[in-house]
Amino acid sequence: MSRLKIATFNINGIRARLPALLAWLARESPDIACLQELKAAQSEFPIDEIRAAGYGAIWHGQKSWNGVAILAKGAEPLEVRRALPGFEADSHSRYLEAAVHGVLVACLYLPNGNPQPGPKFDYKLVWFEHFIKHAASLFETGHPVVLAGDYNVVPTDEDIYNPRSWLKDALLQPESRDAYQRLLAQGWTDALRAQYPDERIYTFWDYFRQHWQKNSGLRIDHLLLSKALSPTLMDAGVDRWVRGEPHASDHAPTWIMLEQGVAEKATRKKAPAKQATPKKVTSKKATPSKP
DNA sequence: ATGTCGTCCCCCGGACGA
């Protein structure tokens, strides 16, 4: 049996954030890292530095905006697709899918959708529907699949410090939340929520109003596990220290640890018995400080 | 309405997207 650490990280500009990315890779050593918001053209991706850090990578760049990448420690991700089926004409670089380390990884950057209502919100919902349709086909294969990325959806009011000042925001709209619930209803496991059913977990703190300093965060970066993988979930967390560094992204890396090889044995229920764990312990673990 | 970033354009501060 072997352990597999998979992370998702909206880096908000890979060129501005390259030192932060390399420091994080060196310290946390994820086996697979899904990145969003590269904000770099295809030719501007810093592949040499990433290779030097011990990672293979594929990426889908775009000038100025969007952009996604999949990094793998000591391996080359085998690209499956770089657009959603039926939505190949999407002008934004928001999707990348690869097979690596024995799992199929989808890296997504779902549209923000603000201002709402308006064409940007309409685009968010259209993108979401294409993604939901494709996710269903991935789930039905029965293969080990992870859907990792910035979903730009706060699933419930338990996933935000206080919904009051965000009620009109696209991230909390009923349409956004309904789409996310319909995705989960296909059978996916929201890994962070499964590991910490009763905790406040945030992955994003905007740059405004000292939200980081006040821990006024949102949970919008998600890792969804297919049926074959959900019993293998051993741990999960948010690398909050990355958000506290100078010149940080407004997101923190969010990760899961899977134990490969337990899927065949665990036919009964979800492997970790975290539901029984006291709150104080889980809240500490949700904010891990690594050795 | 505001707050703060990163990026672009292209000459440096303002627009845009988040």
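Residue numbers start from 1 in every chain, and the chains themselves are labelled A, B, ... in the order their sequence lines are given, proteins ahead of strands. Please read these numbers as outputs of a predicted model, since none were measured by experiment.
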Q. Is A:Arg17 positioned over the aromatic face of A:Trp24, cation under 6.0 angstrom from the ring centre and no more than 45 degrees off axis?
A.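 Not satisfied by the 6.0 Å and 45° rule.
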Round to a whole Å and report the spacing from [atom1] of [X] to [atom2] of [N].
X: A:Gln62; N: B:dG6; atom1: CD; atom2: P; value: 19 Å
X: A:Trp166; N: B:dT2; atom1: CH2; atom2: P; value: 17 Å
X: A:Trp212; N: B:dG3; atom1: CH2; atom2: C1'; value: 18 Å
X: A:Asp169; N: B:dG3; atom1: CG; atom2: P; value: 17 Å
X: A:Arg209; N: B:dA1; atom1: CZ; atom2: C1'; value: 10 Å
X: A:Gln210; N: B:dT4; atom1: CD; atom2: P; value: 9 Å

- Message: Take a 6.0 Å sphere around NZ of A:Lys227 and say whether it holds more than 12 heavy atoms from other residues, nucleotides or ligands.
- Response: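 For A:Lys227, atom NZ is not crowded (no more than 12 foreign heavy atoms under 6.0 Å).
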Q | Heavy-atom neighbours of A:Gln210 CD exceed 12 at 6.0 Å | A |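 Open: at most 12 neighbouring heavy atoms sit under 6.0 Å from CD of A:Gln210.
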- Query: When you compare B:dC12 with B:dA1, how far apart are their P atoms, in angstrom units rounded to a whole number?
  - Reply: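 The same atom, P, in both gives a distance of 30 Å.
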Margin query: Please give the distance between the P atoms of B:dC10 and B:dG14 as a whole number of Å.
Written below: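 B:dC10 and B:dG14 have their P atoms separated by 16 Å.
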Subject >> A:Phe45 and A:Trp59 aromatic ring geometry - parallel, tilted or perpendicular at 30°/60° bounds >> reply: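 Taking A:Phe45 first and then A:Trp59, their aromatic rings lie parallel (interplane angle under 30°).
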Does the plane of the ring in A:Tyr123 sit parallel, tilted or perpendicular to the ring in A:Phe87? Use 30° and 60° as the thresholds.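 Ring orientation of A:Tyr123 relative to A:Phe87: tilted.
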Just jot down the side chain to side chain contact (heavy atoms under 4.5 Å, CB included) partners of A:Asn215, sequence neighbours excluded, or say none.
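Result, side chain to side chain contact (heavy atoms under 4.5 Å, CB included) vs A:Asn215: A:Tyr202, A:Trp205, A:Arg240.
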Reckon [X] has a side-chain N or O less than 4.0 Å from the OP1 or OP2 of [N]?
X: A:Arg17; N: B:dG6; result: yes
X: A:Lys63; N: B:dC9; result: yes
X: A:Arg15; N: B:dC8; result: yes

Salt bridge (charged side-chain N to carboxylate O under 4.0 Å, His left out) assessment of A:Asp235 paired with A:Arg3 = CA-CA 10 Å; A:Asp235 201 0; A:Arg3 297 196 151 222; over 6 Å; no
Protein heavy-atom contacts under 4.0 Å, written 5' to 3' over nucleotides 11-18 of chain B as B (base), S (sugar-phosphate only) or - (none), form the string -----BBB
